[in-house]
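Keep in mind the model is a prediction, meaning the values are calculated, not measured. Every heavy atom of this structure was used, including side-chain atoms; hydrogens, water molecules and symmetry mates were not. The sequence lines fix the lettering, A, B, ..., with proteins before strands; numbering per chain opens at 1.
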Amino acid sequence: MLLGKIIGTVVATRKEPELSGLRMMLVQELNSSFEAAGKIIVAVDAVGAGQGEVVLFASGSSARQTAITNNRPVDHVIMAVVDLVTTGGETRYDKSTDAG
Amino acid sequence: MLLGKIIGTVVATRKEPELSGLRMMLVQELNSSFEAAGKIIVAVDAVGAGQGEVVLFASGSSARQTAITNNRPVDHVIMAVVDLVTTGGETRYDKSTDAG
Amino acid sequence: MLLGKIIGTVVATRKEPELSGLRMMLVQELNSSFEAAGKIIVAVDAVGAGQGEVVLFASGSSARQTAITNNRPVDHVIMAVVDLVTTGGETRYDKSTDAG
Amino acid sequence: MLLGKIIGTVVATRKEPELSGLRMMLVQELNSSFEAAGKIIVAVDAVGAGQGEVVLFASGSSARQTAITNNRPVDHVIMAVVDLVTTGGETRYDKSTDAG
Amino acid sequence: MLLGKIIGTVVATRKEPELSGLRMMLVQELNSSFEAAGKIIVAVDAVGAGQGEVVLFASGSSARQTAITNNRPVDHVIMAVVDLVTTGGETRYDKSTDAG
């Protein structure tokens with residue numbers, strides 16, 4: 001999985017029928033300083049994540065291993081909202097103190 | 001999925017039989033400024049997308065999860081035409097006002 | 001799929017038995033100017049492509065969705081020989097006038 | 001597989017139910033000098049690896065080929081703790097003398 | 001598949017049980033000048049390859065399509081030892097004259 005931050009949303013009305021009802025979020029990968037400065041991808045939200053949250057997303061066939069993405073043409077899924085990232089003993093991200 | 005813009009088409013008569021009848025579009029990835037300036041890939045069109053449209057495409061095995069690409073040697077599929085991209089409250093792309 | 005140009009061949013006698021009889025071609029990805037200047041990969045030829053031809057190749061599990069690559073340890077397959085690439089109304093590659 | 005070093009952990013309480021109980025580690029890829037200076041990914045730990053250890057991780061669908069990741073939305077798994085890396089006759093990494 | 005050169009080995013005693021007995025080789029990708037100067041990956045050896053040999057390796061789910069890697073958490077497999085690489089009429093690599 002990769003760490004990313006939800007920076008927006010994508011709306012598409014003309015689409016594969018299997019995508020109906022799925023929320024498509026714009027997610028920017030975090031860089032090695034844990035800042036949203038990397039590649040931007042579009043992921044289906046499986047956990048009720050919202051704008052500004054730091055999340056984990058899975059890619060490829062693993063993105064289809066959730067109830068809502070199973071057998072659908074989806075290659076990125078948000079499968080967790082991150083509470084805390086630590087490296088060594090140091091806190092690098094803490095959702096409870098994050099301004100979003 | 002990734003955001004891309006349809007910039008052209010590819011014609012190939014000598015090909016795997018399973019590819020017959022599939023439309024192959026040239027898609028350029030959008031960069032983090034939402035401009036068509038990234039890598040160029042070739043995707044099968046599953047939604048009737050056309051020249052100049054901003055689309056979502058799925059890659060890898062997920063690209064085979066549509067009726068027309070199932071069990072075919074296809075690794076990129078256009079599965080949605082994008083209407084609107086917003087980051088925070090700001091509109092970054094709006095199909096209704098896009099010059100194409 | 002990605003656009004590439006066949007720039008050579010690879011010969012290997014000591015290999016997985018399932019690879020016997022497959023032609024392995026050296027393919028260089030085209031860049032955004034449609035020149036063979038990108039990464040070099042090795043792909044199995046499923047369509048009788050030859051030296052100097054511009055082709056489409058599929059990667060990953062999609063590369064196994066042909067009769068000759070099914071269930072084999074192959075992750076790139078040439079599945080089409082390209083005749084024409086156009087962007088907007090402009091011809092970017094035309095096999096009939098290509099020097100190869 | 002890729003070589004990486006465990007540099008931290010990720011905690012997420014709101015997540016896909018299938019992820020319950022899995023330890024999610026922050027892993028930084030080793031560069032060609034075998035230093036933890038590459039991309040940071042999040043991998044599920046399948047072997048009881050700990051902070052500072054050099055590990056092997058598998059990506060994509062292969063990351064689901066363990067008892068704890070089977071059918072789960074996981075695309076990176078730590079499947080080995082590295083003892084020794086040698087290039088030619090030279091030792092490049094030795095766990096027994098590594099400061100962690 | 002990609003061209004790589006075997007530059008070393010990896011030893012790991014604490015690992016997924018399914019990996020027992022598999023030889024894990026350090027492989028460096030060849031660049032477009034056919035020199036071992038690219039990314040370093042770890043691949044399971046399926047063909048008895050040795051130090052200094054130029055090989056082909058397959059990645060992703062295709063890496064599991066051999067008898068020894070089937071259903072195992074392996075995402076890179078060496079499936080051929082390269083004898084000859086030619087581009088146009090020119091020999092770029094010849095195992096019989098390679099110093100290793």
Side-chain angles (χ1 to χ4, degrees), chain B residues 2 4-31 35-46 49-53 57-66 68-79 99-100, chain C residues 1-4 6 27 29-39 41 43-50 53-72 74-96 98:
Chain B
L2 294 177
K5 184 172 190 166
I6 298 183
I7 62 167
T9 56
V10 175
V11 176
T13 47
R14 186 150 42 110
K15 60 190 169 193
E16 273 288 297
E18 296 89 345
L19 297 172
S20 290
L22 299 182
R23 293 174 69 223
M24 292 186 291
M25 315 300 279
L26 214 53
V27 179
Q28 186 161 30
E29 292 182 20
L30 302 194
N31 62 13
E35 299 161 339
K39 184 168 179 140
I40 296 176
I41 61 98
V42 178
V44 165
D45 173 32
Q51 172 75 21
E53 288 189 314
F57 64 93
S59 302
S61 59
S62 299
R64 300 197 307 273
Q65 309 293 316
T66 75
I68 65 168
T69 57
N70 188 26
N71 293 329
R72 290 178 167 77
V74 168
D75 61 359
H76 293 296
V77 73
I78 297 168
M79 20 66 86
Chain C
M1 290 71 69
L2 294 177
L3 289 165
I6 299 182
V27 179
E29 292 182 20
L30 301 194
N31 63 13
S32 58
S33 301
F34 301 96
E35 298 161 339
K39 185 169 178 137
I41 61 97
V44 165
D45 172 31
V47 290
E53 289 189 313
V54 170
V55 297
L56 286 175
F57 65 94
S59 302
S61 58
S62 299
R64 300 198 306 273
Q65 308 293 315
T66 75
I68 66 168
T69 57
N70 189 25
N71 292 330
R72 289 178 167 79
V74 167
D75 62 359
H76 294 295
V77 72
I78 297 168
M79 20 65 86
V81 178
V82 173
D83 293 311
L84 194 66
V85 176
T86 55
T87 62
E90 188 182 356
T91 298
R92 302 305 294 267
Y93 169 79
D94 184 340
K95 183 174 167 56
S96 68
D98 183 45

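Looking only at side-chain heavy atoms (C-beta outward), Q28(B) and T87(C) stay at 4.5 Å or farther from each other. Taking 4.5 Å as the limit, some side-chain heavy atom of D75(B) sits within range of a side-chain heavy atom of M1(C). Side-chain atoms of M79(B) and S62(B), non-hydrogen and from C-beta on, never get closer than 4.5 Å to each other.
Of the options V54(C), L56(C), L84(C), a side-chain contact (heavy atoms from CB on, under 4.5 Å) to V10(B) is made by L56(C) and by none of the others. Screening V47(C), D45(C), I6(C) against V81(C) for a side-chain contact (heavy atoms from CB on, under 4.5 Å) leaves a single residue, V47(C).
Contact count versus chain C (heavy atoms, under 4.5 Å) is highest, among R14(B), K15(B), H76(B), E16(B), for R14(B). Top candidate by heavy-atom pairs under 4.5 Å with chain C, chosen from V11(B), I7(B), V44(B), is V11(B).
Both the backbone and the side chain of I41(B) come within contact range of chain C, judged by heavy atoms closer than 4.5 Å. Contacts of F34(C) with chain B are made by side-chain atoms alone, with heavy-atom separations under 4.5 Å and no backbone atom involved. With a 4.5 Å cut-off on non-hydrogen atoms, E29(C) touches chain B through its side chain but not through its backbone. Both the backbone and the side chain of A46(C) have a heavy atom closer than 4.5 Å to some heavy atom of chain B. For L26(B), the part lying under 4.5 angstrom from a heavy atom of chain C is the side chain only.
Between the side chain of N31(B) and the main chain of A37(B), no donor-acceptor pair closer than 3.5 Å is present.
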